[in-house]
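These notes are about the structure you will find just below.
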Amino acid sequence: MEDLKERLLPPKPPSAINRRDVLGLKKRGQGLRSWISVDAATGDSQVIEVDKFTMMRRCDLPARDLRLLDPLFVYPSTVLGREKAIVVNLEQIRCIITSDEVLLLNSLDNYVLQYVVELQRRLKAAGDGDSCRSESSDFDRPKGGRKFGGVFGCTLPDHLPFEFKALEVALEAACTSLDTQAAELEIEAYPLLDELTSKISTSELERARRLKSRLVALTRRVQKVRDEIEQLMDDDGDMAEMYLTEKKRRMESLFYGGDQSLAEHKSTKRIQSVSAPISPVSSPPPTDRRFDRNLSLARSRHVESTSSSSESATENIAELEMLLEAYFIVTDNTLNKLTTLKEYIDDTEDFINIQLDNVRNQLIQFELLLTTATFVVTIFGVVAGVFGMNFNISLFKSPTAFKCVLLITGVAGAILFSSFLWFFKHKRLMPL
């Protein structure tokens, strides 16, 4: 990995760095950008520096599609099928896939370097599989498997076009990244939530809040990738647009076929002009009539081939649909895990709220008891205030008067407090 990083990202001299700093002061979009190009035939990678407009002409893309790959902006995950390229923006993988090469924004991100290494490995494995296929053509291939372990020790990969291999590696990198983040979040969240159910503290609640924020952000990203794959699967036209190799082969066959017909027609006209005598009747020669008939027949065949190719394209999108469906299941599984974790967090929040409500209710009950006891004790203060007035009565001269007043007041207070408790129990305000 380090060797690949040094090869793809060579250190630049100070003069080049200063020049880039000066270019950074110009208007955005006019400077050169570094791209990693992976060749479809050999799997070799090289670093190229092109500007935005050169890339637009090279891949036949509008400016808004290249804006999706701009690292200065944050765009949701998107996969767009165009006439000559596929624009992929999946998490850290931002690339342009054509029938001949893959162009990635040059970055120090490990995911980009891993993408290049994995794509090169698969392209070389496909080349080795083609060399082994000629030797093992007499053996039957087992059905239902992606790999075939032949007697020559060769592994035969799927016969997918180059653009689908590159797209598969990008989908695999994005799904693996999201699933890894979801697994790390689960490992960190479940012990914390179990601890919160037994002991509630401010620090643990703060950690749970941060985890929930990360969970919501990750869920949105996974949901966007899942929706993008589902949208592609639901639209047969978009999937048919992604067959870049097939469209290129078809255009080349039409182009070379047209050139060959034109050359034959010119040679026929030249022979006729030399050998045929001049006829006084202006009638088209038989070669022209034959050429017109062949041309009309070719046009009709072209129309039929176009209709049949569209029908075959609709039938052939099954392999792309199966590819997308596999990663749709992966993202759906990741989304289900995140949804389960979110439900577990919500259940923990409900449990904590129930515990807090229970404690709050106990405090309210205790406060009610204290208020009732204070009211009963206030009766003694009222009696003491009454007997503290400056007047003379015969009760003050009795030696047992104080004890009688104290006893009567205490019994009245106890009866009043018991009455309050019975009322609270009757109204179910307190579990007594």
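What's counted below: heavy atoms across the whole structure, side chains too, no hydrogens, waters or symmetry copies.
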Legend entry - Asn333 side chain vs Ile329 backbone, donor-acceptor pair below 3.5 Å: no

Legend entry - Heavy atoms from other residues, nucleotides or ligands near OH of Tyr190 exceed 12 (cutoff 6.0 Å): yes

Legend entry - Donor-acceptor under 3.5 Å (Asp39 side chain, Thr42 main chain): yes

Inset, instruction - Classify the ring geometry between Trp422 and His426 as parallel (under 30°), tilted (30 to 60°) or perpendicular (over 60°). - result: parallel

Legend entry - Chi angles and distances behind the side-chain hydrogen bond (donor to acceptor under 3.5 Å, both in side chains) call for Gln223, Asp227: CA-CA 6 Å; Gln223 182 71 42; Asp227 293 344; 2.9 Å; yes

Legend entry - Among Ile229, Val330, Val88, the one residue meeting side chain to side chain contact (heavy atoms under 4.5 Å, CB included) with Leu171: Ile229

Legend entry - Shortest non-hydrogen separation from Asp100 to Phe162 and the atoms involved: C-CE2, 4.1 Å

Legend entry - Donor-acceptor pair, side chain of Ser177 and main chain of Ala173, under 3.5 angstrom: no

Inset, instruction - Check whether the side chains of Asn353 and Glu349 place a donor and an acceptor atom closer than 3.5 Å, and report yes or no. - result: no

Legend entry - Exam field: side chain Glu186 to backbone Leu341, donor-acceptor pair closer than 3.5 Å: no

Inset, instruction - Take Asn336 and Asp332, measure what side-chain contact (heavy atoms from CB on, under 4.5 Å) needs, and give me the verdict at the end. - result: CA-CA 6 Å; Asn336 289 335; Asp332 189 65; 3.4 Å; yes

Legend entry - Pairwise side-chain contact, Arg82 with Asp60, heavy-atom cut-off 4.5 Å (strictly under): no

Inset, instruction - Starting from the C-alpha separation in whole Å, work towards a yes-or-no answer on side-chain contact (heavy atoms from CB on, under 4.5 Å) for Asp234 and Glu230. - result: CA-CA 6 Å; Asp234 292 339; Glu230 186 178 9; 3.7 Å; yes

Inset, instruction - Considering non-hydrogen atoms only, spot the tightest contact between Val47 and Ser34 and give its length. - result: CG1-OG, 3.2 Å

Legend entry - Ion pair check, Arg207 and Glu204, cut-off under 4.0 Å: yes

Legend entry - Salt-bridge contact Glu184-Arg214 (side-chain N to carboxylate O under 4.0 Å): no

Inset, instruction - Mind checking the OH-CZ spacing from Tyr75 to Arg67? Nearest 0.5 Å is all I need. - result: 5.5 Å

Inset, instruction - Decide yes or no on salt bridge (charged side-chain N to carboxylate O under 4.0 Å, His left out) for Lys165 and Glu168, but give the supporting numbers first. - result: CA-CA 5 Å; Lys165 293 178 182 178; Glu168 183 180 10; over 6 Å; no

Inset, instruction - Find out whether Leu66 and Arg33 are in side-chain contact, i.e. whether some heavy atom of one side chain is under 4.5 Å from a heavy atom of the other. - result: no

Inset, instruction - Decide yes or no for Leu324 and Met239: does some side-chain heavy atom of the first lie under 4.5 Å from some side-chain heavy atom of the second? - result: yes

Legend entry - Ring center gap for Phe417 and Phe375 short of 6.0 angstrom: no

Legend entry - Thr98 and Arg58, any side-chain heavy atoms less than 4.5 Å apart: no

Legend entry - Glu195 and Lys199 ion-paired at < 4.0 Å: no

Legend entry - Closest non-hydrogen atom pair between Val102 and Ala166, with its separation: CG2-CB, 3.6 Å

Inset, instruction - Answer yes when Asp357 and Arg360 have at least one side-chain N-carboxylate O distance shorter than 4.0 Å, and no when they do not. - result: yes

Inset, instruction - Test Glu163 against Thr245 for side-chain hydrogen bond (donor to acceptor under 3.5 Å, both in side chains), laying out the working first. - result: CA-CA 8 Å; Glu163 60 270 15; Thr245 304; 2.6 Å; yes

Legend entry - Spacing of Thr176 atom OG1 and Tyr327 atom OH [to the nearest 0.5 Å]: 7.5 Å

Inset, instruction - Check Arg221 against Leu178 and note the closest heavy-atom contact, atom names and distance. - result: NH2-CD2, 3.8 Å

Legend entry - Residues Glu49, Trp35; criterion side-chain contact (heavy atoms from CB on, under 4.5 Å); working and verdict: CA-CA 6 Å; Glu49 290 189 356; Trp35 296 76; over 6 Å; no

Legend entry - Flag if over 12 foreign heavy atoms under 6.0 Å of NZ, Lys224: yes

Inset, instruction - Applying side-chain hydrogen bond (donor to acceptor under 3.5 Å, both in side chains), name anything that partners Arg94, two or more places apart in sequence or on another chain. - result: Asn89

Inset, instruction - Nearest 0.5 Å please: distance from the CG atom of Asp194 over to the OG1 atom of Thr348. - result: 7.5 Å

Legend entry - Nearest heavy-atom neighbours spanning Leu105 and Leu69: CD1-O, 2.7 Å

Legend entry - Ser99 to Ala40 - nearest heavy-atom pair and separation: O-CB, 4.0 Å

Legend entry - Approximate separation, where rounding is to 0.5 Å, of Leu215 CG and Leu211 CG: 8.5 Å

Legend entry - For Phe423, ring-ring contact (aromatic ring centres under 6.0 Å, His included) partners two or more places apart: none

Inset, instruction - Measure the spacing between OG1 of Thr334 and CG of Leu218 and express it to the nearest 0.5 Å. - result: 8.5 Å

Inset, instruction - Compare all side-chain heavy atoms of Tyr243 with those of Ile317 and state whether any distance is below 4.5 angstrom. - result: yes

Inset, instruction - Applying side-chain contact (heavy atoms from CB on, under 4.5 Å), run through Leu103 and Val50 and close with a yes or a no. - result: CA-CA 11 Å; Leu103 297 168; Val50 294; over 6 Å; no

Inset, instruction - Step through the shown structure and confirm whether more than 12 heavy atoms of other residues, nucleotides or ligands are within 6.0 Å of NZ on Lys342. - result: no

Legend entry - Residue pair Arg209 / Leu205, side-chain heavy-atom distance below 4.5 Å: no

Legend entry - Minimum side-chain heavy-atom gap Glu91-Val225 below 4.5 Å: yes

Legend entry - Enclosure of Glu367 CD (heavy-atom neighbours >12, cutoff 6.0 Å): no

Legend entry - Donor-acceptor contact present, side-chain Lys247 to main-chain Glu241, <3.5 Å: yes

Legend entry - pair Leu421-Lys425: side-chain heavy atoms closer than 4.5 Å: no

Inset, instruction - State the CD1-CD distance between Ile93 and Gln114, to the nearest 0.5 angstrom. - result: 8.5 Å

